[in-house]
Amino acid sequence: MSIAKENEAPAPLPIGVAEESKKVPVTREELVVATAPLTQQAEQFRALRNSIHALNPDGAPRTVVVTSALRGEGKSTATLNLAFALAEMPGFKVLVIDANLHAPAIEGLFGLPRAQGLCELLSGRLPLDQAVRPTSVSGVAILGPGSKPRNPSELLASDRMRTLLRTLKQRYHYVLIDTPEATTTSDASLLGAMADGVVVVVRVATTPKSYVEQTCRALESLGANLLGTCMTGADAPNTARQSPR
Ligand SMILES: Nc1ncnc2c1ncn2[C@@H]1O[C@H](COP(=O)(O)OP(=O)(O)O)[C@@H](O)[C@H]1O
Ligand SMILES: [Mg+2]
């Protein structure tokens, strides 16, 4: 590769087309609430939804961060299943933000191409209406990560992010925020402190207890409101539930 090519800025991402994103069906089998709605697994995400919603008796709009101690515990999958379960409530509008700027997954799980999103929106280069894309699931929209910025943590911790979350609460009943694992970056804790609540995903029988405890301590030390845990990866009943805290 020539030096000139290496120095070239990457081509900007396209702007998402709402009419196209609405037509792409959800096909991933792990997105059980959409693809296997009658299964026990889907029902467990509805139970998690009910627990979270029960903590919000006045029905005020809520921002909820989803994180875990380690990568691969099922955060992105759980975020979308929870979003689908929330959107099953009559008239509910849910937005999923992919704030895992290191390993984004939400667009991919929907089978959608990468497009401009959160980073362009926060840096003032894209209006909100173009950054948010509807999906084929009624009531669920997504805000993808956009182009990876030079300093993801700085962007996510900015006052613009805080203001954005306030604005989004005027438009959606729930805003779910998918984040990186809490043991390698502070992004989840920073966002957790801004959000109304945090759900910690734990892969059963895999994640050491000490990592989960470390994650909860990091979240709480910055002022996050822990709503509960979502257990994944077990065949036993109650694999997605709120923990008794
Ligand atoms: N409840 C679950 N049970 C079993 N496997 C799961 C579950 N949730 C997710 N997975 C699988 O685990 C892998 C990681 O999931 P993902 O949601 O991308 O994790 P993370 O966002 O925490 O990195 C994927 O292959 C996904 O299909
Ligand atoms: Mg993920």
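Counting starts at 1 for both ligands and their atoms, in listed order. Quick note: numbers below take in every heavy atom, side chains included, and nothing from hydrogens, waters or symmetry partners. Being a predicted model, the structure only gives us computed values, none of them experimental.
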- Message: Could you tell me, atom by atom, which parts of ligand 1 come under 4.0 Å of a heavy atom of S76?
- Response: 17 (O), 21 (O)
- Message: Just to check, does A105 reach to within less than 4.0 Å of ligand 1 when the distance is taken from its heavy atoms?
- Response: no
- Note on the structure: Counting from 1 in the order shown, the ligand 1 atoms closer than 4.0 Å to a non-hydrogen atom of G233 are 1 (N), 2 (C), 3 (N), 4 (C)
- Work out which heavy atom in L86 is nearest to a heavy atom in F92; give both atom names and the distance. O-CB, 3.4 Å
- Pairing of R133 and E20 as salt bridge, 4.0 angstrom limit: no
- R203 to ligand 1, any heavy atom closer than 4.0 Å: yes
- Message: I'd like to verify the contacts: list protein N, O or S atoms under a distance of 2.8 Å from the Mg ion (ligand 2).
- Response: S76 OG
- Message: Please report whether ligand 1 has a polar contact with E73, defined as an N or O pair separated by less than 3.5 Å (distance criterion only).
- Response: yes
- Determine whether the side chains of N56 and Y174 contain a donor N or O and an acceptor N or O closer than 3.5 Å. yes
- Query: Is there a nitrogen or oxygen of T77 sitting under 3.5 Å from a nitrogen or oxygen of ligand 1?
  - Reply: yes
- Show the numbers, then the answer: is there a side chain to side chain donor-acceptor pair (under 3.5 Å) between T232 and E73? CA-CA 7 Å; T232 62; E73 291 198 72; 5.9 Å; no
- Message: Please check: side-chain N/O of H173 versus main-chain N/O of K93, any donor-acceptor pairing under 3.5 Å?
- Response: yes
- Message: Can a donor-acceptor pair be found, under 3.5 Å and without considering hydrogens, that links the side chain of S68 to the backbone of E181?
- Response: no
- Query: Does the T179 side chain pair with the main chain of D187, one donor and one acceptor, at a distance under 3.5 Å?
  - Reply: no
- Per-atom filter on ligand 1: closer than 4.0 angstrom to a heavy atom of E30 are 27 (O)
- Side-chain donor or acceptor of S136 paired with backbone N/O of K22 under 3.5 Å: no
- Message: For ligand 1, which is the ligand I care about here, please tell me if L70 has any N or O atom under 3.5 Å from one of the ligand's N or O atoms.
- Response: no
- Message: Could you measure the distance from the CG atom of L191 to the CZ atom of R162? Nearest 0.5 Å is fine.
- Response: 10.0 Å
- Using a distance-only test with no angle check, is there a side-chain donor-acceptor pair under 3.5 angstrom linking S147 and E120? yes
- Quick check: does G74 get an N/O under 3.5 Å from an N/O on ligand 1? yes
